[in-house]
Amino acid sequence: MIDLFPVVKLTLGILITFFVGYNIIKALSWSNLKIMGSLEIVFLSFPIGISVITLQMFILAIFGKGWSLFNMALPWVFLLLVNLAVFFMRKRRPAEPQAARSALDFVEKALICGIILQVIWVTLKAFALPIEAPDAIAIYALKAKAFYLKGGMDHDILKNVTFKDSHQDYPLLLPLAECWIYRALGNLNDFLAKALFPIFFLSATGIFYSMLKRFIKRRGSLLFTFMLASVPQFTVFGTNAYADLPLTCYYTASLLYLFLWMKEKETPYLLLSALMSFSAAWTKNEGSMLLVINILILAIFLARDKMRFVKKAISLSVYLAVVIVLLLPWISFKNSMALESDIVNKATITPSNVGANLGRVWPILYEYQKHLFGPKRWNIAWISVLVVFILKIRNVFRDEIGYIAFAAILCIAGYTFIYIVTPHDLGWHLSTSASRLMLHVLPVSMFWLALSTKKDLNLF
Amino acid sequence: MLIRSVNYKLISVIWVFIWLLFSVRGYILTDSKVFKNSLGKSVEQKKRNLMKSGLYDFVLFCQKNIPEKENFVFVYDAKALDPVEGSRVSYYLYPRKMIKDAPYIMVFDMSGYKKEGFKLHASLSKNSFILRKAD
């Protein structure tokens, strides 16, 4: 058998992931293919592909089935056949004439170059070192290695008390994604596995741009996309093999597609949002909170919207059904293994604990302000958001964009609550995690910033 | 009135300029260090440089001298070693598992460490060696 070069194998593994994600998007959007751009579908394909492939690996593993080529390929070949059948059976409509695109001006070309250079820079930086950062090793890479060498779940790693630092209760998207790359490579290569992170960086940036371009002019969209891509903390997490950038990518997509659904009521947007919300919860425990916030935002919107009650009930039910069905295997497994969070559990979420720790609010707020005014990590992203928030305070919650601001505020409030109940030393907990939590809401906050300032800034 | 009279175009240009300034600062001060420490180095050299001096070579030594099916205890000077190094040792030595009461004890950079019922199994240096439970 010919031994393909590692990079070729890696490329093949990534292309398969794209292909799976692409087929899912096609299946979700057969009702109206015109609602998403080609590039947008490409940006969405990888995150969706990796999410469903890792879920498939997990389900096969808990049922004691191996990750053979047949087991892995079966559902996706079936989906491909369904998509092909729908494609050939559909009545072809004559292509609608598309509006001619204006040529890129100098500023737009410069911004596109800047974004591309940023992606290249992140890729080079990711491959400069193997997986080495503390949590990347302890929480994700160790499990990935165990799963790869075992060819399935290593229950001992997930249960043995000596591995408690690996957060055994954490969802398994990232360890299984790294394991997926190892299987594509045919060996354990913790340099090439880091390819996942620049791709998530590219996807998050691309999804952000695709969404923004629907609401503001191309130049403004490119400017804000370049700004997001150049925030130091955003680039660092595109290289360090932590789960926070994948989570940021999923959460950004979940909230922005929900926002888009509120505006246009196209069902595929709601389904995409639900799929991305599930993926966020499947990536990190924090994702479960973000999922609940999305459901809350959807419920508030439905309560205020004028659409028919039946349609409201169906929309909420579909959203809940998608996330519950997809999360059920992980929740069942977690319960059967008695895996519990060391931070959010029955012992910490008690009225007496919350009451006793309310004084922690001040040091927590102090930590947040260090980030708000910390250009070393955040450039002037948070300062800009804060200034515009204060200037526009009267109109923040006036229309649909207010839901984005409200969701971001709920996220920060949720994380504040976690710090209030944490059993760990607060100073240590804040210093090791606050910057990551703020990363999760950075793109949606910048999206809000872009839409809130589009009428004011003459650049757009 | 003050806000309405502001020249937004000027604000935009200044805003973008400050943004670029901080971005360039990040490339020079932070990212350049990463590349400086990794360019032209082999995979093994990079892994060696990331860990405390001598620890990566000790891990390779343990990989050779502890069978994959066995488990180990890692003994080190807690004041001299960052806790993350324990995770790295655990990662590099898997499928050997770091557990309590294991038949092998990896002693790193500690002189004169002894434990009853264990004998010297292999030695990398005077202070870094492997003990094995006596039969």
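Naming convention: chains lettered A, B, ... in sequence-line order (proteins, then strands); numbering from 1 in each chain. Basis for what follows: all heavy atoms, side chains included, without hydrogens, waters or symmetry-related copies. Remember, predicted model here, so these are calculated numbers, not experimental data.
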Distance, nearest 0.5 Å, that separates [atom1] of [X] from [atom2] of [Y]:
X: A:Met227; Y: B:Trp19; atom1: CE; atom2: CH2; answer: 5.5 Å
X: B:Asn49; Y: A:Glu132; atom1: CG; atom2: CD; answer: 11.5 Å
X: A:Leu124; Y: B:Ser38; atom1: CG; atom2: OG; answer: 10.0 Å

- Between A:Leu142 and B:Tyr92, is a side-chain contact (heavy atoms from CB on, under 4.5 Å) present by the stated rule, with each step listed? CA-CA 8 Å; A:Leu142 177 64; B:Tyr92 285 125; over 6 Å; no
Between [Y] and [X], is there a side-chain heavy-atom distance shorter than 4.5 Å?
X: B:Lys47; Y: A:Asp190; result: yes
X: B:Lys97; Y: A:Asp154; result: yes
X: B:Leu50; Y: A:Pro130; result: yes
X: A:Ile137; Y: B:Val84; result: no
X: B:Ser23; Y: A:Asn379; result: yes
X: B:Phe22; Y: A:Val231; result: no

- Given a strict heavy-atom distance threshold of 4.5 Å, which part of B:Ile18 is in contact with chain A: side chain, backbone, both, or neither? both
- Side chain, backbone, both or neither: which part of B:Arg88 has a heavy atom under 4.5 Å from chain A? both
Side chain, backbone, both or neither of [X] within contact of chain B (heavy atoms, under 4.5 Å):
X: A:Pro232; result: neither
X: A:Phe127; result: backbone
X: A:Leu188; result: side chain
X: A:Leu149; result: side chain

- Message: My understanding is that only residues two or more places apart in sequence, or in another chain, count here; which of them pass salt bridge (charged side-chain N to carboxylate O under 4.0 Å, His left out) with A:Lys376?
- Response: none
- Write out, in numerical order, the residues from residues 111-118 of chain A with a heavy atom short of 4.5 Å from a heavy atom in chain B. A:Gln118
- Contacts of A:Asp342 meeting side chain to side chain contact (heavy atoms under 4.5 Å, CB included) (sequence neighbours excluded), chain-then-number -> A:His167, A:His424
- Message: Using every non-hydrogen atom in the two residues, find where B:Lys46 and A:Phe191 come nearest and quote the distance to one decimal.
- Response: CD-CZ, 3.6 Å
- Query: For chain A, which of B:Pro83, B:Ser90, B:Gly86 has the most heavy-atom pairs under 4.5 Å?
  - Reply: B:Ser90
- Query: Is the gap between the ring centers of A:Phe224 and B:Trp15 under 6.0 Å?
  - Reply: yes
- Non-neighbouring partners of A:Phe147 that pass ring-ring contact (aromatic ring centres under 6.0 Å, His included), sequence neighbours left out: none
- Is the number of heavy atoms from other residues, nucleotides or ligands under 6.0 Å of B:Asp101 CG greater than 12? no
- When you look at NZ of B:Lys115, are more than 12 heavy atoms from neighbouring residues, nucleotides or ligands closer to it than 6.0 Å? no
